[in-house]
Structures are given as structure tokens and as C-alpha cells.
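Everything below concerns the one structure shown next.
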Number of protein chains: 2
Amino acid sequence: MTMKTKSPSFYERRAAIAKALGHPSRLMIVDALQEKEICVCELTDLVGADQSTVSRHLSVLKNAGLVDTRKEGPMIFYRLRVKCLEGFFMCIENVLRENLEREEALVGG
Amino acid sequence: MTMKTKSPSFYERRAAIAKALGHPSRLMIVDALQEKEICVCELTDLVGADQSTVSRHLSVLKNAGLVDTRKEGPMIFYRLRVKCLEGFFMCIENVLRENLEREEALVGG
DNA sequence: AGGTTATATTGCAATATGACCATGAAGACA
DNA sequence: TGTCTTCATGGTCATATTGCAATATAACCT
């Protein structure tokens, strides 16, 4: 992020990815996929929502380019396309930690 | 992210932060704030939307704990509360790069 | 073909989001 | 006090998102 000027779609493309990660169910899915590829049926159990709802969340992640699919018989396995989510989660944790410290400071002071 | 079980609000809190970053205007604001603190009037010029719209985007960022404010006369300066956005942006860039490679592979192959 | 399982898609209702306009609150200054 | 500037908030509208139910699609089996 060092350019002087940025095209209009510069932030739009980046925001689309952040937005795809901006839902608890999708975050749960992505987190689970960090360990291994998982089929839709198992992800549906994990999330605890309707199968159609989970399928929609998965298509959001897929459109963002965050996950990919592999067909195996009647099942479809989803896997992460990206390995960098480490940095993403670390950033989120950092923000949460700072927020917690601020809350504690407000209570204590 | 190594816990076996996670509370219901675990992903909700994290998703709220990702969601706050999931809009091009807010991403533009956060990016600009990486260099220095900026008042609302200047951010309004930068984003190019109505002042009230920018003000609402700023409140979203503030509620997420991503920015903080400092009052100076009639002006309010916004500044980043977090320095970890490096990792966040790097992750996004990584995804975009992979998406680009995939598109090129589709065209070329 | 018929039946079962696994996913995706569509339709619809409820809710959330984003943009603008208009207004309100607070500081600076004559 | 009045006015100007800066920013926030309420109102309203258009659009997007989310969730479930229902249906479609595809693979596999008999």
C-alpha cells in the first residue's frame, strides 16, 4: 500500500474479500478449512444452519477466491485456496486484544 | 486459532471487525490513516462522498475499535488504533494475486 | 427407471446497509 | 448574541444480505 494514486476498483476488490470474511459462519468455515478440506455436509453440521444457507455462504467464499472445490462422487469438498489467513487472523486478534485492554482501562480507571 | 471449542460469540466478534473493513470507503480511510491522523473534513474530500456518509463510515470503524479520535478545536482527528493492518492487507493482496493467477491460467489454458 | 444422498439454486420475508438531505450540537470568533 | 465551521445524528429511500423452505441437479445404487 504505497502507491500515490489508486484506481477506483482498487479498494473495491480488496473490500470484497474482507466482506466475504465478515460473517461469523463464513469465518467458522474458513477456520475449519485451515486444518483440512471438508465436505458440505460436514460444514453444514459444523455451522448448524440450513444446508441451503451454508451452500450460499460457501459460494460467497468461492466467489471471493478464498476457497476451491473438489468433487468426489456425490460429495463436494471445500478447501482453502489461500494460506495467508494466518496474517488476517493475527490482525483480528490484535484488534480484539486492544479493544479488551481499552475496556479494562475504562473499568479500572 | 487452536481451541477445540469456541464460544458462540467467538466468530461474531471477529466477523464484526472484518465486516468493518469490508467497504471500499472504509478501506480507503484506514489506508490513509496509516500515514498520519486526519480530520473528518479531509477524509470527506478523500472519499468523495457526503460528509454524513463519511461520518457514518468513521463511526463503524470506531465501533469496531479500529480507529480513535482526538478533538482539536472544532475538528476531530481520526487515527488508527491498531498497527497490525500490515498483516491484514498482505493477506488480501495474497488472495488477489492468487485470483489473478487463476484468471490468467483460465485464459491461457 | 426409480430411489436415495449430496449440493446448488430459487423464491420470499425479515433485516441490515449505504447514500443522501436536513437538522442538531459544539467550538471559534466577531 | 449571531454566524460560521466542523462533525454527528435522524429521516427516508433504494439496495443488499441473510435465512429457511422448496425445488432442481447430479451421482450413485438397485
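In what follows, every chain begins at residue 1, and chains take the letters A, B, ... in the order their sequences are listed. The basis for the numbers below is simple: all heavy atoms, side chains too, and nothing from hydrogens, waters or symmetry mates. Treat the numbers as computed from the prediction; the structure is a model and nothing was measured.
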> Under the 3.5 angstrom rule, does the side chain of B:Arg70 hit a backbone N or O of B:Phe77 as a donor-acceptor pair?
Replying inline: no

> Just how far, in rounded Å, is P of D:dT5 from CD of B:Gln51?
Replying inline: 14 Å

>> Checking side-chain polar atoms at under 3.5 Å, does A:Arg13 have a donor or acceptor matched by the opposite partner on B:Asn99?
In response: no

> Tell me: NZ of A:Lys71 to C1' of D:dT25, nearest whole Å?
Replying inline: 9 Å

>> Closest approach to the side chain of B:Ser55, judged atom by atom: which nucleotide of D:dT9, D:dT18, D:dG19 is it?
In response: D:dT9

>> Whole angstroms only, please: what is the NZ-P distance between B:Lys62 and D:dC7?
In response: 13 Å

> Rounding to a whole Å, what distance do you find between A:Leu43:CG and C:dA8:P?
Replying inline: 10 Å

> Can you find a side chain N or O atom of B:Tyr78 that sits less than 4.0 Å from OP1 or OP2 on D:dT6?
Replying inline: no

>> Nearest heavy atom decides the nucleotide; on that basis, is A:Lys19 or A:Arg56 closer to the 5' end of DNA chain C?
In response: A:Arg56

> Toward the 5' end of DNA chain C, which comes first, B:Val60 or B:Ser52, by nearest nucleotide?
Replying inline: B:Val60

> Rounding to a whole Å, what distance do you find between A:Ile76:CD1 and D:dT25:C1'?
Replying inline: 10 Å

> In whole Å, what is the span from the CG atom of B:Asp50 to the C1' atom of C:dA22?
Replying inline: 10 Å

>> Check the phosphate of D:dG19 against A:His57, side-chain N and O only, distance under 4.0 Å to OP1 or OP2. Yes or no?
In response: yes

> Which nucleotide, C:dT7, D:dC28, D:dC20, lies nearest any side-chain atom of A:Pro74?
Replying inline: D:dC28

>> Side chains of B:Asp68 and B:Tyr78 only: does a donor on one sit below 3.5 Å from an acceptor on the other?
In response: no

> Are OP1 or OP2 of D:dG19 and a side-chain N or O of A:His23 less than 4.0 angstrom apart?
Replying inline: yes

>> Please report the distance, rounded to the nearest Å, between CD1 in A:Ile38 and C1' in C:dA6.
In response: 16 Å

> Are the side chains of A:Met28 and A:Leu46 in touch, meaning some heavy atoms are under 4.5 Å apart?
Replying inline: yes

> Can you check the B:Phe77 CZ to D:dA8 P distance for me, whole Å?
Replying inline: 13 Å

>> Quick check against the 3.5 Å criterion: does B:Arg26 have a side-chain atom that pairs as donor or acceptor with the backbone of B:Gly22?
In response: no

